[in-house]
Amino acid sequence: MVKLTIDGQEVEAEGGMTVMQACEQVGIEIPRFCYHERLSIAGNCRMCLVSMERAPKPVASCAMPVAEGMVIQTDTPEVQKMRKGVMEFLLINHPLDCPICDQGGECDLQDQAMGYGSDKSRFSENKRAVKDKYMGPLISTTMTRCIHCTRCIRFASEVAGVPELGATGRGENMEVGTYVEHALTSELSGNMIDLCPVGALTSGPYAFNARPWELKKTESIDVTDALGSNIRIDGRGPEVKRILPRLNEDINEEWISDKARFSCDGLRAQRLDKPFVRRDGKLVAASWPEAFTAVSDALKPLKGKQIAAIAGDLADCESITALRDLMASLGSENLDCRQDGAKLDPKSRASYLFNSTISGIDRADAILLIGTNPRREAPVLNARIRKRYVAGGVTIASIGEPVDMTYPVDNLGNTALLLADIAAGKNDFAAVLKNAQRPMLIIGQGALSRADGGAILHLARKIADQSGCVDAAQNWNGFNILHTAAARVGALDLGFVPGPSGRDTAGILEAALAGDIKAVYLLGADEIDTSKLDKAFVIYQGHHGDAGAHCADVILPGAAYTEKSGTYVNTEGRVQIARLAVFPPGDAREDWTILRALSEAMGKTLPYDNLQQIRGRMVDLNGNFLNVDEIQSAKWTGFGQAGDLEDSAFISPINNFYMTNSISRASVTMAKCADEFLGVTEQKTGTDG
């Protein structure tokens, strides 16, 4: 520890801390523009100048490390004059755009000009003007406002790992841009909007939509991937206007993906806002009693083995619980939550969790990626792996498609047979894993959803045991499954899987095609081959007119994740609560209440009447639901099934990052991104315009 004096107060700080951090430790605010705790130090805005005893000139507190006996003054008349002078220089060329600037009301420049600036300017020359840069459909630029803090440049290079931004020119002629003008290709580019301390980079889709003081702010959870990023939903009236990240060091730090941030306009398009019943081959609007009667009439004559249910990727745990109980009351064991057919073992919780936890990536010293491209499947988690690479002391290899993951990866090949070689010690990376202190395996759904997925899971477990991935003494379990569906872990925890004589997703579809299953309940399930359901009576409960709704005989309109209080379990097994930010449109209702009302109409009334009671039922099914926002480590037991491996390449389950669920497929913004980055002009998964 280092002892120094700040404003007459003796302070102890850790060696290596900066003066700014030491000041903040004792509650002294230092203004800044270029400094950010997750980026490298630039020291170029000079707003954080302080006075240091025996120093010939003021020092930048963000770049000055603490030293023994240092004496710092942060609020003398000289320091105040310095800050006014710096602010005067920063505002020399800044346009008077505040009334029309989207940053107005939450602008660091506004706030610090009020707190530390002067009430007049001595500059009387012509202001400079800078041409706006094109950075893609997500970021709107007004580069005349740029104060050259370089936060966006450092974020692109250091966090996102896509060094496409830089500066040309010097002094007043310096401009931030992409050199050759093109759209930013990072899946995390929207975070630059949050980092920009002025209005140079703002949200393109949100432009001129609302002012921050008009918005109702609700803390919630993102469901566009399985990471469970913490978000804040800003709504006005019935609409979600924007989505911003919330700080959570254990999950997403303070970043979210572009899909999580910008796909919210899809919440307004192609919505199901009233029940529909198919009559004479056409879906026609109906009342809730009519829809329930149609479902009841179709299901009552059937035996349990003739009924099936599939839960979709965005379903909350409350609705999954209600559907599970309804199917049980009908005598059906044909239920599954694995739309992609992933060979996950529901009997062993350790077999389907990210056991090391997301923050555990920071401790790993050898990482093997198996059949996964985390840059597409979970961009924020990929940024965490990159952060671990930047820290040094880690070796990363992959078995799968050779792609740019924003950090160096030793691609061992793209065949499952390599796993057998590693398990047998024939591959050089087997020694790397064995010699590592905390080795880590990350297995993606591209590996597990194959026909030989069970054998791959078995081999991965064998490798984990041989290489010491599970070490109780170090409290370390490096065996990790990376999910792509927000509902998957919660549904597995609740036992939404086939019973002893039940069928899985593939079996349900084949039996429906053969006529053995006569009714299928789709709870937001859109990622299946709906052409196989032509002979079955299909009930679709969901919030968008996506693939499942097109094949339905009855449509029950549900609520999206922003329109209900719902429980989700992320890929590491952390139970989290999404909260209601806006109300569902029209006659749409919260999903579990629909199932509760349907059960009553069918004479199979479910035993819960409110949210507290159904969550009590979830705890009865799995005690982990009692521990919200906590990780419950899973017992390491046997799982997987030995079998033959196919000599075929791994294929990522996500070929279009921007359109992976019904919300993002309805989003105009995501369609623009897909067109810009992938050349996709048609939405491939059954949606219409």
C337 and I320: CA distance, side-chain angles, deciding distance, side chain to side chain contact (heavy atoms under 4.5 Å, CB included) verdict: CA-CA 9 Å; C337 61; I320 289 170; 5.9 Å; no
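- S220 has its side chain out of reach of T562: every pair of non-hydrogen atoms, C-beta onward, lies at least 4.5 Å apart.
- Atom CG in D620 sits 10.0 Å away from atom OG1 in T321 (nearest 0.5 Å).
- Between the side chain of S652 and the backbone N or O of N373 there is no donor-acceptor pair closer than 3.5 Å.
- In this structure, the side chain of D325 does not engage the main chain of L323 through any donor-acceptor pair within 3.5 Å.
- Looking at every heavy atom in both residues, L326 comes nearest to S329 through O-OG, 2.6 Å.
- When atom types are taken as modelled, the side chain of S662 and the backbone of D546 share no donor-acceptor pair closer than 3.5 angstrom.
- Between atom CG of residue L272 and atom CG of residue D587 there is a gap of 12.0 Å, rounded to the nearest 0.5 Å.
- With respect to the salt-bridge test (charged N to carboxylate O, under 4.0 angstrom), the residues D336 and R338 qualify.
- Between H544 and A666, the closest heavy-atom pair is CD2-CB, 3.6 Å.
- Under the 4.5 Å side-chain criterion, counting only non-hydrogen atoms from C-beta, C317 is in contact with V569.
- A salt bridge links D340 and R488; the closest N-O separation between the charged side-chain nitrogens and carboxylate oxygens is under 4.0 Å.
- E214 and K241 are not joined by a salt bridge, as no carboxylate oxygen comes within less than 4.0 angstrom of a charged side-chain nitrogen.
- Between R579 and E219 there is no salt bridge, since none of the side-chain N atoms of the basic residue sits less than 4.0 Å from a carboxylate O of the acidic one.
- Note on E187 versus R376: salt bridge recorded, some NZ/NE/NH1/NH2 to OD/OE distance being below 4.0 Å.
- In this structure, D265 does not pair ionically with K672, as no charged nitrogen and carboxylate oxygen lie closer than 4.0 Å.
- Here the straight-line distance linking atom CZ of F537 with atom CD1 of I517 works out to 15.5 Å at 0.5 Å rounding.
- The heavy-atom pair separating K300 from A601 by the smallest distance is NZ-O, 4.4 Å.
- Classified by interplanar angle (parallel below 30°, tilted 30° to 60°, perpendicular above 60°), the ring pair W288/F292 is tilted.
- Side-chain N or O atoms of N622 include none that pairs as donor or acceptor with a backbone N or O of L494 at under 3.5 Å.
- Other residues, nucleotides and ligands contribute only 12 or fewer heavy atoms inside 6.0 Å of the CG atom of N475.
- Residues F639 and T637 approach most closely at CD2-O, 3.0 Å, considering heavy atoms.
- Using a 4.5 Å cut-off on side-chain heavy atoms (C-beta onward), D493 and V575 make no contact.
- At least one donor-acceptor pair closer than 3.5 Å links the side chain of D526 to the backbone N or O of G548.
- A donor-acceptor pair is defined here as one N or O able to donate and one able to accept, closer than 3.5 Å; such a pair exists between the side chain of Q576 and the backbone of G228.
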Trace of the side-chain hydrogen bond (donor to acceptor under 3.5 Å, both in side chains) decision for D222 with Y568: CA-CA 9 Å; D222 170 53; Y568 292 88; over 6 Å; no
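- Looking at every heavy atom in both residues, F262 comes nearest to S203 through CE2-OG, 3.4 Å.
- Here I481 contributes atom CD1 and L457 contributes atom CG; the two are 5.5 Å apart, rounded to the nearest 0.5 Å.
- The two residues I310 and T505 have their closest heavy-atom pair at CD1-CG2, 4.1 Å.
- The main-chain N or O of A506 is never found under 3.5 Å from a side-chain atom of E510 such that the two would form a donor-acceptor pair.
- Remark: the Y521 side chain and the N334 side chain contain no N/O donor-acceptor pair separated by less than 3.5 Å.
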Q541 vs L595, side chain to side chain contact (heavy atoms under 4.5 Å, CB included): CA-CA, chis, key distance, verdict: CA-CA 9 Å; Q541 180 178 330; L595 286 154; 3.7 Å; yes
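- Looking at K259 and D225, no side-chain N of the basic residue comes within less than 4.0 Å of a carboxylate O on the acidic one, giving no salt bridge.
- Judged by distance alone, with hydrogens and angles left aside, the side-chain atoms of K343 form a donor-acceptor pair with the main-chain N or O of R450 at under 3.5 Å.
- The pair E249-R38 counts as a salt bridge, with a side-chain nitrogen and a carboxylate oxygen less than 4.0 angstrom apart.
- Side-chain contact annotation: S319 with D316, donor-acceptor N/O pair under 3.5 Å present.
- Side-chain atoms of L188 and V380, non-hydrogen and from C-beta on, do get closer than 4.5 Å to each other.
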Derivation and outcome, side chain to side chain contact (heavy atoms under 4.5 Å, CB included), residues R617 and R324: CA-CA 11 Å; R617 169 62 176 152; R324 178 189 186 276; 3.6 Å; yes
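- Taking the charged nitrogens against the carboxylate oxygens, E290 and K274 have no contact shorter than 4.0 Å, which rules out a salt bridge.
- Q445 places a side-chain heavy atom less than 4.5 Å from the side chain of L344.
- Summarising the geometry, atom CG belonging to N355 is positioned 10.0 Å from atom CE belonging to M440; distances are rounded to the nearest 0.5 Å.
- Residues I528 and L522 have side chains in contact (heavy-atom distance under 4.5 Å, counting atoms from C-beta outward).
- Between the N191 side chain and the I256 main chain, a donor and an acceptor come within less than 3.5 Å of each other.
- Remark: L314 CG to T224 OG1 distance equals 9.0 Å, nearest 0.5 Å.
- Classification of R242 and D234 as a salt-bridged pair holds, one side-chain N sitting under 4.0 Å from a carboxylate O.
- T571 has its side chain out of reach of N480: every pair of non-hydrogen atoms, C-beta onward, lies at least 4.5 Å apart.
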Stepwise salt bridge (charged side-chain N to carboxylate O under 4.0 Å, His left out) test for E527 and R665: CA-CA 12 Å; E527 321 301 327; R665 284 192 288 268; 2.9 Å; yes
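- In this structure, T605 and R596 have side chains that are in contact, with non-hydrogen atoms separated by less than 4.5 Å.
- Side chain of S186 to backbone of A160: no donor-acceptor contact under 3.5 angstrom is found.
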Residues F677, F657; criterion side chain to side chain contact (heavy atoms under 4.5 Å, CB included); working and verdict: CA-CA 10 Å; F677 299 114; F657 165 74; over 6 Å; no
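- Heavy-atom neighbours of K305 NZ from other residues, nucleotides or ligands within 6.0 Å: at or below the threshold of 12.
- Residues Y658 and D258 have side chains that never bring a donor and an acceptor to within less than 3.5 angstrom of each other.
- Applying the 6.0 Å contact sphere to NZ of K217 captures more than 12 heavy atoms from other residues, nucleotides or ligands.
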